[in-house]
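The structure displayed is predicted, hence computed values, not measured ones.
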Number of protein chains: 2
Amino acid sequence: MARLPVYQRTLEELLRAGVTTVSSELLASAARVNAAKVRRDLSLLGSFGTRGAGYDTAFLIKQIDHRLGLDQVWPVVIAGVGNLGRALARSQGFAARNFDVVGLIDSDPHIVGLVVDGIRVRPPEDLPDIMAEAHPAIGVITVPAGAAQHVADLLVGAGVRSLLNFAPQVLDVAADVLIRYVDLSIELQILSFFEAQRQTASDEPAEPMPVLGSSGRTPRVG
Amino acid sequence: MARLPVYQRTLEELLRAGVTTVSSELLASAARVNAAKVRRDLSLLGSFGTRGAGYDTAFLIKQIDHRLGLDQVWPVVIAGVGNLGRALARSQGFAARNFDVVGLIDSDPHIVGLVVDGIRVRPPEDLPDIMAEAHPAIGVITVPAGAAQHVADLLVGAGVRSLLNFAPQVLDVAADVLIRYVDLSIELQILSFFEAQRQTASDEPAEPMPVLGSSGRTPRVG
DNA sequence: GTGTGTGAACTTGTTCACAGCG
DNA sequence: CGCTGTGAACAAGTTCACACAC
């Protein structure tokens, strides 16, 4: 279930706050979801709750970690060491959740050779070596849009089974390769914002949120 | 609908490739979804297709842009100018889709005063000024986990109506504030990866993907 | 009594299949 | 004749409500 990561985070916060036993009601309000949903979701992991009491916080975290595969180290290769690639390689979240960056790839000779968070950036030709050394199952694509498809082909050809794509386009990959798109330009967010605005707009004619205008700055690729 | 951004991108690619009229079948295969789904989704925008022919590509893009609010400029304030905040401020995707970064906030005196993509980083105290000048409706949270809740309160208190949170936690915000979580640690992706592995595992006992081991490196906050 | 686990009702989203328009 | 738009069947996900275990 897609909500397990949210539960996991929430449980960790609760445990830090000293809550050793948690009810579906408490977890639900902390995670901002419905209590019945929590019980239904957790029942998929097995019957770990105690009727009349609730769930053991630490045990539940362990179970969710196991289900999400976070009790194992996952080797990851990042393709594209621009601003975003660098931010990801250095980010706390990656290492804290057992994702181990085993390779950094960039085609730019000025970037190849740089050391980011203890890892040397290598050229695309070295991908087979990286695969042989550490067998990363996950590839992260943080290259400019024009190179994304080529990089995806390269990664999949080298044996990566799962892709996380930050480039703003639908990629053409084999059906057995899992791919997730991360959209930093937040259209989705805006869409839901608009929807909500529309609903309230019928009552009070609210001030329109977007301000018309134009920025004269030239964007740079990250 | 959450698929509109995908359609929009795909249509732009098709238009660039010279496709001026697109059928639901063609758009569906390009966007990797079901044709019936495309027709159902597009019918929500209105009846813009021509029976027997298909949809006018350019017109459809205009309609989707309008529905997503991408034909207006959206002012955005970014809180936390670390690696990730910098990458976002500079990224092509933001400016290309009419998101205009009107403010950069950071509490670190070493970061305040820096100029990123033509914008000077300002201290949290300047938030009211930024709000008064450019009325950003959207706040982007790219601060370390410990500061996320405080920053969210600050932004919402200043009048931001919509938040994009990159911190790995559920934030406590008013019910009328829209919030979207962007999870860079890709648990979701891993979860679906596991699910798919399980399905194929019954046929052929596949090589386990994660490699056990541990990284000795110390992660740094982005 | 308290709170889980789950059958059953309900809501939302997806797919089929085809009438009918251009 | 090809393709849209949509009613109807279906599937998935959510919520209710309560028997029952502790």
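Taking side-chain N and O atoms only, B:S24 has a distance below 4.0 Å to OP1 or OP2 of D:dT4. Within the structure, a side-chain polar atom (N or O) of A:Y55 is placed less than 4.0 Å from OP1 or OP2 of C:dG5.
Of all nucleotides listed (D:dT6, C:dG7, D:dC20), D:dT6 comes nearest to the side chain of B:S43. If you check D:dC3, C:dT14, D:dT6 against the side chain of B:S23, the one that comes closest is D:dC3. In this structure, the nucleotide among C:dA17, D:dC18, D:dA21 sitting nearest to the side chain of A:R39 is D:dC18. For A:K37, counting side-chain heavy atoms from C-beta on, the closest listed nucleotide (D:dT15, C:dG22, C:dT15) is D:dT15. Closest contact between the side chain of B:A36 and the listed nucleotides C:dT15, C:dT4, C:dT14 involves C:dT15.
As rounded to whole Å, 14 Å separates atom C1' of D:dG2 from atom CG of B:L26. Here C:dG5 presents its P atom at 11 Å from CG of A:L44, a figure rounded to the nearest Å. To the nearest angstrom, P of C:dG22 lies 16 Å from CZ of B:F48. For B:R3 and C:dT12, the CZ to P distance is 16 Å, given to the nearest whole Å. One can place CZ of A:R32 at 20 Å from C1' of D:dT14, the figure rounded to the nearest angstrom. As a whole-Å value, the separation of A:E25 CD from C:dG5 P is 14 Å. Atom CG of B:D56 and atom C1' of C:dG22 are 15 Å apart (whole Å). One can place CZ of A:R51 at 14 Å from P of C:dG3, the figure rounded to the nearest angstrom.
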Residue pair B:R90, B:D117: steps toward the salt bridge (Lys or Arg N to Asp or Glu O under 4.0 Å) verdict: CA-CA 6 Å; B:R90 289 170 175 160; B:D117 195 43; over 6 Å; no
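Along DNA chain D, the nucleotide nearest to B:S47 and the one nearest to A:N34 differ in position, and the one closer to the 5' end is contacted by B:S47. Both A:R40 and A:G52 lie close to DNA chain C; mapped to their nearest nucleotides by heavy-atom distance, the more 5′-ward contact belongs to A:G52.
If you look at A:Y55 and A:F48, their ring centroids are not closer than 6.0 Å.
Using a 4.0 Å heavy-atom distance criterion, B:G49 is classed as a sugar-phosphate-only contact. A:A53 comes within 4.0 angstrom of sugar-phosphate atoms only, judged by non-hydrogen atoms across all strands, and of no base.
Side-chain atoms of A:S24 do not come within 3.5 Å of backbone N or O of A:R39 as any donor-acceptor pair.
We find that B:D172 and A:R32 are joined by a salt bridge, their nearest charged nitrogen and carboxylate oxygen being less than 4.0 Å apart.
To the nearest 0.5 Å, atom CZ of residue B:R40 and atom NZ of residue B:K37 are 12.5 Å apart.
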